[in-house]
Amino acid sequence: MIWRALDTIFLVTLMLFGSLGDSLPLATSTRWIVDAASGHRVKLSCVNWAAHMQAMVAEGLDKRPLKEIAARVASLGFNCVRLTWATFMFTRKHYANITVAQSLDSLGLREASTGIAENDHWLLNLTLVEAYEAVVNELGAQNLMVVLDNHVSKPQWCCGNDDGNGFFGDMYFDPEEWLQGLTIVAKRFKGKPQVVGMSMRNELRGPRQNKQDWYRYIQRGARKIHKANPNVLVIVSGLNYDTDLSFLGRKPLGIDLDNKLVYEAHWYSFSGQQGEWEVQPLNWVCANATRRIDERVGFVTQGENPVPLFVSEFGVDQRGVNQADNQFLSCFLAFATERDLDWAIWALQGSYYLRNGQAGFEETYGVLDIGWDHPRNPKFQERFGLIQEMIQDPSLLVSTYYIMYHPQSGRCVQVKGKDGLRASYCRKWSRWIHNGEGTPIRLMNTALCLKVVGDGLPVTLSTDCSGKQSTWKSVSSSNLQIAAMDEQGRYLCLEKSSSNSTTILTKKCLCLDDDSNCYVNPQTQWFKLIPSNLN
Ligand SMILES: *[C@@H]1O[C@H](CO)[C@@H](O)[C@H](O)[C@H]1NC(C)=O
Ligand SMILES: *[C@@H]1O[C@H](CO)[C@@H](O)[C@H](O)[C@H]1NC(C)=O
Ligand SMILES: *[C@@H]1O[C@H](CO)[C@@H](O)[C@H](O)[C@H]1NC(C)=O
Ligand SMILES: *[C@@H]1O[C@H](CO)[C@@H](O)[C@H](O)[C@H]1NC(C)=O
């Protein structure tokens, strides 16, 4: 079943992209990333793949052959990879020009070496830079786009305030060497159409960070990349671990990149106040966190000179055991699908050759498991289905409707034959029309709308669209609970049944009266109306 779905997705990916070269290079048009030639939107649905750690080799090649990993990325529904790199690997001879085998040997990683010898013998005698290029080539061969992300200067795990890689002038972070690295990489990968963008620097941070240097070096770096390769998107991050671009509201970046500028931001459950996702009222935390994200980074997509925002890192423990992450993810998915942002999840890798001094270190945020065989979360595709889809394409002159989305399950409300309403996999969805608070939710181009029957009973489709049982409003501070009244005039909220994966009920609203003080988890009742104009 799941594999049939995977095949379908793979076909759709092929159909969308044809040959990758057809829709490249990319450019920007207002807040959207588009195919420069046709002006049609191209949405980046990426996964981060680390190649910046001590070994400086794309992770996992000891576990599965390169071709298989790239194919797995595509079959999981991604259309792109944010591939990380360390500056030294391109600027310093003793990093750039050692072979993969030498690098692994120098770290005592015999098992990794043996693994690569079995999977991709030919990689071992390539230099690190050649091996990196081989990964980029294979991704392109499988119709995947690539964003090259300068992650650190000295190859190592990122990021800490005092790891010497945080800001211009830190121990390993010589700005001139960084600029040189950007130029080398921009030139080296020029002419590879799959390389659609370069992320200038990951998570600027630490005691040295300041706006003055930010403007100075970001302007210089952006110009260098653009000059060396005018085809790539130049992706710019802010301060405080990629969470703050608010200063741009007062002073724009002030350079013209000919429609290639994109901003990036990171958002994790641990990005804001410590512990906020664990103990506090969830509707409030989600409302506050969303507002904060908008004030610090989201605003770049709005206003007079909108710029696309690429959420180049977000992620959760894919085992589902981290409560804060679980609470955060539904809120994030509602936000990112409503704006239809471009994004890259952290991360592909189920393991590292070496991290924290430990060979074979497991990455629990990894989409793939430790053997790089299967998704760590068996429901990965269901949960991340909608965010991987293009939801809005401003170049289409089709009127906007809503998708009814349930982020906790990743499912969408669909009307299907005589079975009526169901929550189903978000590769297909029904189109809903809702004109605001206190109006019905109509099935587009029909006389039908959603109607409350009673507490604990499935919601139905009805032609009675004017009564109180059919007029819906948002009832919580997160704007994620949608309610209408029952016959007795009590509000009931839409809820996805927890016992039947397809059933949508109405139930007594959780946290209705004073949600600032309500500590129950309302996520079964979180639905979001997502604007779309896709056919
Ligand atoms: C690595 O070797 C190549 C070929 O000899 C040379 O062109 C390049 O500059 C070297 N890289 C570094 C960083 O020294
Ligand atoms: C790699 O190079 C080493 C030393 O030059 C050589 O002994 C070995 O056979 C080479 N391996 C491959 C796969 O080419
Ligand atoms: C949310 O923001 C409000 C207003 O700024 C504040 O009073 C409240 O303490 C915040 N609540 C949470 C849970 O962060
Ligand atoms: C879920 O509900 C639908 C319709 O309400 C029903 O057809 C289906 O059998 C139920 N599934 C389970 C597992 O109970």
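Not measured: the values here are computed from a predicted model. Order of appearance sets the numbers: ligands from 1, and atoms from 1 within every ligand.
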List every atom of ligand 1 that sits less than 4.0 Å from any heavy atom of Thr91, numbering the atoms from 1 in the order shown and giving each element.
13 (C)

Short list, please: which atoms of ligand 1 are under 4.0 Å from a heavy atom of Ala96?
13 (C)

Give a yes or no on whether atom 5 (O) of ligand 1 lies under 4.0 Å from any heavy atom of the protein.
no

Look at atom 1 (C) of ligand 1 and say whether a protein heavy atom is found at less than 4.0 angstrom from it.
yes

Please report the C-alpha distance between Asp170 and Arg205 in whole Å, then the side-chain angles of each, then the deciding distance to 0.1 Å, and finally whether the salt bridge (Lys or Arg N to Asp or Glu O under 4.0 Å) criterion is met.
CA-CA 10 Å; Asp170 278 2; Arg205 62 188 177 277; over 6 Å; no

Only one of Arg82, Gln349, Glu313 forms a side chain to side chain donor-acceptor pair (under 3.5 Å) with Asn48, so which one is it?
Arg82

Mind telling me whether Tyr352 and Phe361 have parallel, tilted or perpendicular rings, with 30° and 60° as the class edges?
tilted

Has Glu59 got a side-chain atom pairing as donor or acceptor with Tyr353's backbone, closer than 3.5 angstrom?
yes

Would you say the side chains of Lys416 and Ser424 form a donor-acceptor pair under 3.5 Å?
no

Show which atoms of ligand 1 fall inside a sub-4.0 Å distance from at least one heavy-atom site of Phe90.
13 (C)

Look at the aromatic rings of Trp346 and His151 and report parallel, tilted or perpendicular, splitting at 30° and 60°.
parallel

Under 3.5 Å, is there a donor-acceptor pair linking the side chains of Asp464 and Gln469?
no

Within reach of ligand 1, part of Tyr95 (heavy-atom separation under 4.0 Å):
neither

Would you mind telling me if ligand 1 is within reach of the side chain of Thr127, the backbone, both or neither, using heavy atoms under 4.0 Å?
neither

Nearest-option assignment for atom 14 (O) of ligand 1, heavy atoms, candidates Gln180, Glu130, Lys93
Lys93

Identify the closest protein heavy atom to atom 9 (O) of ligand 1: which residue and atom is it, and at what distance?
Asn97 ND2, 4.9 Å

Under a 4.0 angstrom heavy-atom cut-off, which atoms of ligand 4 come close to Asn500?
1 (C), 2 (O), 3 (C), 8 (C), 10 (C), 11 (N), 12 (C), 14 (O)

